[in-house]
Amino acid sequence: MSVKVNIRGQASAPGSLAHVLKGVKLKLVTLSGKGGVGKSLVTASVALGFAMRGYSVGILDGDVYGPTIPKMLGLSDSTLYVDQKTGRILPAVGPLGVKVVSIEFALPSDDTAVIWRAPLVNQALRDFIAQVEWGQLDVLVVDLPPGTGDAPLTIAQSLQGGLDGSIIVTIPTEISRRIVVKAVDFSRKLNIRVAGVVENMCCFKCPGDGKVYYIFGKEAGKRIAESAGVPFLGGIPMDPELSHYLDSGRLHEFLAKDTETSRAILAVVDKLAEMYKEKLAQQEQPKEEKPRRISLLKLPGEEEEE
Ligand SMILES: Nc1ncnc2c1ncn2[C@@H]1O[C@H](COP(=O)(O)OP(=O)(O)OP(=O)(O)O)[C@@H](O)[C@H]1O
Ligand SMILES: [Mg+2]
């Protein structure tokens, strides 16, 4: 049977973003004013942390230019499929049952650079996001591209109205203050409640003596959050063991170990769960029919099956 499965041509019948996200109770987005501060780590950790607490969880890796979530979850070789009946994209399923959708799954190889220009990205992303079949989820965490420019704006706007909170990730230098303020401003302009600030690399956990060193001084993240008038969610140490687990796609195994760093990460999750406990306690919507026939997802410009 012939099926068209590119990410631009198959907006599903009900088709709106509100429709695809209607079975998701809590939608969070991670933001950072600058790149490389640990945003994807926080996205993946928060998602896995919620899953460890028994919630059903999804991750939308919205970083089209540098998707890293699949690698962190050991899903680099996964593929997305399309349900032939509904035309919806089916997420890959990672550790602890976390559902993952990333543009990386649709790219030919690990090293392929995405060089779409903004208008194509805007349209492709909107269509892409609107076609995912998340089903019933307690929590969806969205990873955005770094910064507060066009790329994160496009994705956040695509989900506008649907996001319940932003997690702003920063590193603990005083220079980061301005960057956090920008991210808070970005969030407010898009009418997304700021859930709070996570201070990544708050300190260094030395593998030699096991001691924790506050390289940039103590509580910079907390001060930054306070001065921006938003909650402080906690700090995550710079931990070589965490880095090792991340690089080998075993973040879930790291979080299951009882270490200072994993406790710090799960404390952030518990704060979020407490903050949004009413949303998480909502009744589930009635379940939809299970999909049956599936086929591979293709990118715009790729050959369509006849
Ligand atoms: N607390 C930490 N301890 C050890 N390594 C870390 C920590 N935080 C981040 N890293 C490492 O730093 C790198 C960057 O982290 P990550 O990819 O999460 O940043 P990002 O903000 O998402 O980057 P980008 O802006 O490129 O999307 C990763 O290789 C990760 O393994
Ligand atoms: Mg990232």
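Indexing begins at 1, ligand by ligand and atom by atom, following the structure's order. Note that these values count all heavy atoms, side chains included, but never hydrogens, waters or copies made by symmetry.
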Cation over ring face, Lys218 and Tyr214, 6.0 Å, 45°: yes

Test item, Ser32 contacting ligand 1 (heavy atom, 4.0 angstrom): no

Close approach, Pro237 and ligand 1, non-hydrogen under 4.0 angstrom: yes

Please tell me whether [X] and [Y] are part of a single hydrophobic cluster in this structure, the criterion being side-chain heavy atoms less than 4.5 Å apart.
X      : Y      : result
Ile265 : Phe232 : no
Leu73  : Phe105 : yes
Val57  : Tyr276 : yes

Residues, nucleotides or ligands: over 12 heavy atoms within 6.0 Å of Gln282 CD: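 Counting other residues, nucleotides and ligands, CD of Gln282 exceeds 12 neighbours.
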
Over 12 non-hydrogen atoms of neighbours within 6.0 angstrom of CZ in Arg178: no

Atoms of ligand 1, numbered as shown, that sit under 4.0 Å from any heavy atom of Leu242: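 So the answer, numbered in order with elements, is 1 (N), 2 (C), 3 (N).
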
Parallel, tilted or perpendicular: rings of Phe50 and Tyr55 (30°, 60°): perpendicular

Which segment of Glu241 sits under 4.0 Å of ligand 1 when only heavy atoms are counted: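 Within the 4.0 Å criterion, Glu241 makes no contact with ligand 1.
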
Within reach of ligand 1, part of Asp63 (heavy-atom separation under 4.0 Å): side chain

Any protein heavy atom < 4.0 Å from atom 28 (C) of ligand 1: no

Protein non-hydrogen atom below 4.0 angstrom of atom 11 (C) of ligand 1 present: no

Are the side chains of [X] and [Y] in touch, meaning some heavy atoms are under 4.5 Å apart?
X      : Y      : answer
Leu31  : Ile192 : no
Val100 : Ser78  : no
Leu26  : Leu137 : no

If I apply the N/O under 3.5 Å rule, does [X] come out as touching ligand 1?
X      : result
Leu246 : no
Met201 : no
Gly36  : yes
Lys34  : no
Lys39  : yes
Ser40  : yes
Asn200 : yes
Gly38  : yes

N, O or S from Thr43 under 2.8 Å to the Mg ion (ligand 2):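 False for Thr43.
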
